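Inspection log for the structure reproduced underneath, given as structure tokens.
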Amino acid sequence: MSGSDCLDVQFSAKCSLKTSDSDNKHLECVPLLLMDVKHCSASSPTLFEAFDAKVFFRTIMVHARIVGKMVPTKNNGHYKFEIDDNTSILPLFIPKKEADILELQRLRNEVFIRKSIKENTDILTALEKLLNKTRKQLDPSRIAVGNKVFVFGRPNLFRGQVGVFGFSWDIDTGCDRTMELAFKDEIIDWYMKIYKTSKR
Amino acid sequence: MTEMKENDLNENMEGIDLLEYCFYHKFLLVEELVLQKNFLKLHHGRCTVIGKLIQHQNGYPVLENINQSSILPRACNLPEGTVNLRLFKFVTADVELKFGQYCEVCGEVVLWNPNSPRDNWLSMTPRSAVELELKNCDKAVRKQKIEKLCDTYLPAVNIFRVDYIDCAVELIQRHLKIRLLTSNHKRSN
């Protein structure tokens with residue numbers, strides 16, 4: 001039980017930006033259900049509003065399942081996925097980050113060469129591990145159909161169609177589902193608060 | 001030719017409102033699907049259900065309901081394993097089935113006929129079942145026929161994805177809370 005409490009605290013801390021009370025402030029990292037992302041509108045390219053213009057925000061957090069995946073063409077810089085969180089289905093765009101991945105590859109090669117000199121091997125091994133981890137986080141090609149993902153991003157309105165543009169993401173694995181439970185609790189709290197204030 | 005067929009079909013379906021196809025995986029309880037006897041009100045489309053995966057005595061996998069005494073009032077609560085929902089395996093998806101575990105199943109609601117011969121267990125969407133049964137039948141008997149559909153057909157789920165989970169009841173509780181929140185708000189709009 002203490003584990004999930006801890007996660008709750010983490011989520012609240014992460015989403016604390018949204019709870020600051022001043023009314024006209026644009027919130028960050030707002031947890032939203034896709035059905036509400038679908039109905040949000042943009043007051044400027046980076047500022048959005050939801051719940052009939054009651055809430056203003058810049059960035060959102062969603063948790064959803066991948067139900068479709070389109071591999072990008074050479075000219076297209078984005079992966080396109082279909083995500084579904086049991087309330088709606090929306091497209092999700094994640095940039096390929098090819099340049100970053102190439103840069104990372106270059107750094108990895110450098111580390112590899114320095115390792116052969118056999119000096120500071122501890123640090124270099126640690127660095128290599130870090131780089132491998134970063135590469136794993138960067139490359140969206142490992143997101144597969146059926147995975148559940150957390151996405152931090154913003155709504156993407158293009159020609160009247162709403163989607164989600166992901167800045168960063170993580171795959172939610174394991175069968176204990178503590179992260180999903182924590183996120184859902186956060187959503188429930190946040191929505192109760194909104195609906196309470198909107199009734200007044 | 002095709003136009004004429006379409007007209008026929010429309011005429012046959014006249015006065016019968018099927019629910020719109022649901023493109024997202026709406027969260028439902030096993031009980032909601034199994035105990036719905038009016039197939040015109042049965043959820044039409046994709047769904048997510050949480051239950052216990054069991055092998056039926058006839059060899060096919062079923063999803064049993066879970067005892068939710070901790071989250072639901074006693075009157076709405078069934079003992080574990082009272083009702084079950086047959087699962088059909090999608091041919092394209094290679095799904096591994098582990099019996100006796102709690103799982104979250106994503107899929108599509110279908111109907112099947114348990115009385116048909118064993119090698120002819122085919123699943124079809126509620127819409128196709130209704131259309132098949134109502135083909136070339138009088139308007140007068142149509143209503144009775146729909147009511148009798150639940151004698152021949154049973155709801156089932158075509159699996160798209162199975163995830164094994166530990167805390168099934170907690171997850172159901174969160175899903176239901178979110179459904180309550182969102183549907184309440186829709187009504188007030």
Side-chain angles (χ1 to χ4, degrees), chain A residues 1 3-4 7-8 31-39 50-52 54 62-68 82-91 144-148 171-200, chain B residues 20-29 32 43 45-50 52-53 71 90 92-96 98 100-109 158-189:
Chain A
M1 209 55 229
S4 69
L7 281 174
D8 281 351
L32 274 187
L33 293 171
L34 292 185
M35 57 179 281
D36 292 308
V37 178
K38 206 175 183 174
H39 293 124
F51 305 106
D52 305 327
K54 273 170 213 130
V62 293
H63 177 263
R65 185 189 290 278
I66 304 280
V67 292
E82 300 266 303
I83 49 172
D84 180 324
D85 76 340
N86 308 131
T87 64
S88 191
I89 184 163
L90 281 182
V145 170
N147 284 146
K148 285 191 168 179
I171 299 179
D172 181 23
T173 52
C175 52
D176 57 352
R177 308 245 63 94
T178 38
M179 291 299 279
E180 188 178 346
L181 287 176
F183 185 80
K184 285 206 155 71
D185 281 341
E186 182 65 30
I187 280 240
I188 292 164
D189 279 357
W190 167 235
Y191 268 62
M192 296 253 254
K193 209 188 291 170
I194 289 181
Y195 288 163
K196 243 183 228 164
T197 49
S198 66
K199 261 179 197 166
R200 256 187 269 145
Chain B
E20 229 173 275
Y21 191 88
C22 172
F23 280 97
Y24 59 86
H25 293 90
K26 186 174 181 179
F27 178 79
L28 297 169
L29 294 173
E32 272 180 287
H43 179 76
R46 298 177 191 167
C47 66
T48 301
V49 279
I50 291 179
K52 194 175 187 181
L53 193 66
I71 55 169
F90 255 10
T92 46
D94 218 357
V95 186
E96 189 196 356
K98 293 184 206 158
Q101 289 215 35
Y102 293 122
C103 61
E104 186 180 10
V105 172
C106 284
E108 185 186 35
V109 177
N158 245 349
I159 309 177
F160 160 68
R161 170 91 187 175
V162 175
D163 275 325
Y164 297 96
I165 51 176
D166 293 338
C167 39
V169 181
E170 283 92 334
L171 212 55
I172 290 179
Q173 184 188 17
R174 304 316 193 271
H175 274 293
L176 288 179
K177 267 190 185 167
I178 289 178
R179 238 180 91 179
L180 194 70
L181 271 176
T182 50
S183 58
N184 273 353
H185 192 67
K186 250 190 218 160
R187 225 178 290 145
S188 70
N189 274 346

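Here is the naming used below: chain letters follow the sequence lines, and residue numbers restart at 1 for every chain. Computed from a predicted model, the values in this text were never measured in an experiment.
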Q.
Is E180(A) close to chain B through its backbone or its side chain, or both, or neither, when contacts mean heavy atoms under 4.5 Å?
A.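 Contact with chain B involves the side chain of E180(A) alone.
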
Q. In terms of heavy-atom proximity below 4.5 Å to chain B, should L33(A) be classed as side chain, backbone, both, or neither?
A. side chain

**Q.** Pair K148(A)-D163(B), salt bridge (Lys or Arg N to Asp or Glu O under 4.0 Å): steps then yes or no
**A.** CA-CA 10 Å; K148(A) 285 191 168 179; D163(B) 275 325; 5.1 Å; no

At what distance, to the nearest 0.5 angstrom, does [atom1] of [X] lie from [atom2] of [Y]?
X       : Y       : atom1 : atom2 : value
K177(B) : I187(A) : NZ    : CD1   : 13.0 Å
L181(B) : T87(A)  : CG    : OG1   : 12.0 Å
L181(A) : R174(B) : CG    : CZ    : 5.0 Å
K184(A) : E170(B) : NZ    : CD    : 13.0 Å
H25(B)  : D84(A)  : NE2   : CG    : 5.5 Å
Y24(B)  : K38(A)  : OH    : NZ    : 8.5 Å

(Q) Can you tell me which portion of R46(B) sits under 4.5 Å from chain A's heavy atoms? Options are side chain, backbone, both or neither. (A) side chain

Q. Side chain, backbone, both or neither: which part of C106(B) has a heavy atom under 4.5 Å from chain A?
A.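 When you check distances to chain A, only side chain atoms of C106(B) fall under 4.5 Å.
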
Q.
Is any side-chain heavy atom of V67(A) closer than 4.5 Å to one of F160(B)?
A.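 F160(B) vs V67(A): side chains touch.
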
**Q.** Sub-4.5 Å side-chain heavy-atom contact between K26(B) and N86(A)
**A.**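 K26(B) does not reach N86(A) side chain to side chain.
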
Q | Option in I188(A), D176(A), I89(A), V145(A) with maximal non-hydrogen atom pairs under 4.5 Å from chain B | A | I188(A)

Q: Assess whether salt bridge (Lys or Arg N to Asp or Glu O under 4.0 Å) is satisfied between R177(A) and D166(B), documenting all intermediate values.
A: CA-CA 8 Å; R177(A) 308 245 63 94; D166(B) 293 338; over 6 Å; no

(Q) Under a 4.5 Å cutoff for heavy-atom pairs, which residue among T48(B), I165(B), L180(B) has the most contacts with chain A? (A)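 The option with the most such pairs is I165(B).
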
